[in-house]
Amino acid sequence: MEACGEEVQVKLLGGSTSPYVLRVRIALALKGIHYEYIEENTQNKSELLLKSNPVHKKIPVLIHNGKPVCESMIIVQYIDETWDTRAPFLMPKDPYDRAIARFWAAFIDDKLLPCIRAVFRGLGEQCQKAVEDTVANFLILEEALRTNLCFSGKAYFGGDGIGFVDIALGGTLAFVRALEKGTDSVLIDAEKMPLLSAWMDRFCEADGVKEVMPDPVKLLEFICATRVKFASLPAAN
């Protein structure tokens with residue numbers, strides 16, 4: 001895609017294994033926004049990252065015309081509002097529908113992702129408990145796809161096209177798939193969650209999504225290597 005004007009002033013500080021960074025990359029890809037991607041080493045953070053996100057010192061950070069925006073779903077909203085003449089439109093136009101989208105995005109961040117992190121970091125019984133909690137939260141999303149008036153019968157949480165909630169959840173999918181293999185567990189069961197499983201396949205194959213999905217082999221290698229490191233750490237008192 002040809003870069004022009006304002007778009008060349010967009011930079012993304014990220015990491016190839018981060019679900020949060022993937023959310024932003026999906027939003028940028030769907031909107032067709034050219035940007036410079038800068039891979040960060042989270043063990044040796046750059047001065048640009050520390051200056052751009054001095055509070056949390058974390059990725060992702062979007063830098064637009066020299067001004068940083070932090071936190072993945074805040075960045076997604078910023079992208080949608082800044083490039084508001086470009087389809088697709090990620091946030092619903094109706095105020096009630098926007099509120100519902102924000103609610104479910106918050107559910108994913110506040111309830112689901114901590115469970116996924118616990119599976120990633122957990123060992124033995126701790127890991128198994130985290131798997132159960134993760135499955136329970138995915139079942140809540142399955143029920144939302146089945147019964148919520150904003151989602152029921154639609155191809156995506158965003159309706160006929162990918163929207164805010166789809167990006168919030170979809171950014172985690174590559175990590176979840178690799179984590180299932182790395183922990184020999186099932187987090188999204190196609191039999192128990194047919195709607196969510198079909199949504200997942202549809203989302204991952206969508207134009208603008210599949211192009212930015214991380215290499216599954218490298219992601220699995222990262223998960224397995226990191227879990228070995230967790231296992232070698234002394235147990236907490």
Side-chain angles (χ1 to χ4, degrees), residues 18-20 22-24 26-27 30 71-74 76-77 80 88-122 125-206 208-210 213 216 219 223:
S18 169
Y20 300 99
L22 184 56
R23 288 170 165 178
V24 179
I26 290 170
L30 289 172
E71 299 295 315
S72 62
M73 295 313 294
I74 292 175
V76 171
Q77 290 185 71
D80 198 39
F89 307 111
L90 305 177
M91 288 295 289
K93 297 301 181 184
D94 180 78
Y96 178 77
D97 292 344
R98 281 202 303 272
I100 295 300
R102 290 189 178 110
F103 172 86
W104 285 105
F107 170 83
I108 291 162
D109 275 354
D110 298 342
K111 293 292 187 180
L112 177 63
L113 281 173
C115 295
I116 292 173
R117 280 196 297 271
V119 175
F120 178 44
R121 300 182 66 90
E125 292 182 1
Q126 287 182 333
C127 182
Q128 183 55 41
K129 175 63 166 60
V131 167
E132 293 170 2
D133 291 342
T134 301
V135 170
N137 282 307
F138 274 129
L139 284 169
I140 291 173
L141 289 165
E142 171 75 13
E143 185 64 14
L145 280 173
R146 187 183 311 280
T147 63
N148 189 288
L149 292 178
C150 293
F151 310 143
S152 180
K154 308 289 179 60
Y156 297 99
F157 288 94
D160 295 329
I162 291 171
F164 190 67
V165 180
D166 299 284
I167 291 174
L169 183 57
T172 72
L173 291 181
F175 194 89
V176 166
R177 281 175 159 173
L179 187 60
E180 287 179 319
K181 293 180 180 179
T183 58
D184 194 24
S185 60
V186 177
L187 301 177
I188 300 179
D189 188 325
E191 291 187 4
K192 295 179 180 178
M193 309 170 201
L195 297 177
L196 191 62
S197 181
W199 166 86
M200 178 177 68
D201 293 341
R202 193 179 304 119
F203 180 88
C204 290
E205 289 302 314
V209 174
K210 59 186 176 183
M213 280 292 187
L219 191 53
I223 286 172

For the pair R146 and E142, find out whether any cationic side-chain nitrogen is under 4.0 Å from an anionic carboxylate oxygen. yes
Report yes if the side chains of M200 and R177 come closer than 4.5 Å at any heavy-atom pair, otherwise no. yes
Minimum-distance pair of heavy atoms, taken over all atoms of M91 and D80: N-OD2, 2.9 Å
L141 and F107, any side-chain heavy atoms less than 4.5 Å apart: yes
Beyond-backbone contact of L173 with I188, side-chain heavy atoms, under 4.5 angstrom: yes
Gap separating the CG atom of L22 from the OG atom of S72, nearest 0.5 angstrom: 10.0 Å
To the nearest 0.5 Å, tell me how far L169 CG sits from I108 CD1. 4.5 Å
Donor-acceptor pair, T183 side chain versus L179 backbone, under 3.5 Å? yes
So W199 and L195, do their side chains get closer than 4.5 Å, heavy atoms only? no
What pair of heavy atoms forms the shortest contact from L30 to I162, and how long is it? CD1-CG2, 3.8 Å
Residues D109, R23: salt bridge by 4.0 Å N-O rule: yes
Check: G163 main-chain N/O paired with D166 side-chain donor or acceptor under 3.5 Å: yes
Where is the tightest heavy-atom contact between A130 and C115, given as atom of each residue plus distance? CB-O, 3.9 Å
Test salt bridge (charged side-chain N to carboxylate O under 4.0 Å, His left out) on R202 and D160; report intermediate values, then the result. CA-CA 11 Å; R202 193 179 304 119; D160 295 329; over 6 Å; no
Side-chain heavy-atom pair F151, I100 within 4.5 angstrom cut-off: yes
Test item: Q126 and R121 side chains (from C-beta on) under 4.5 Å apart, heavy atoms: no
Side chains of F138 and D189, heavy atoms from C-beta outward: is any pair under 4.5 Å? no
Side-chain contact test, heavy atoms from C-beta onward, threshold under 4.5 Å: evaluate it for N137 versus I116 and give yes or no. no
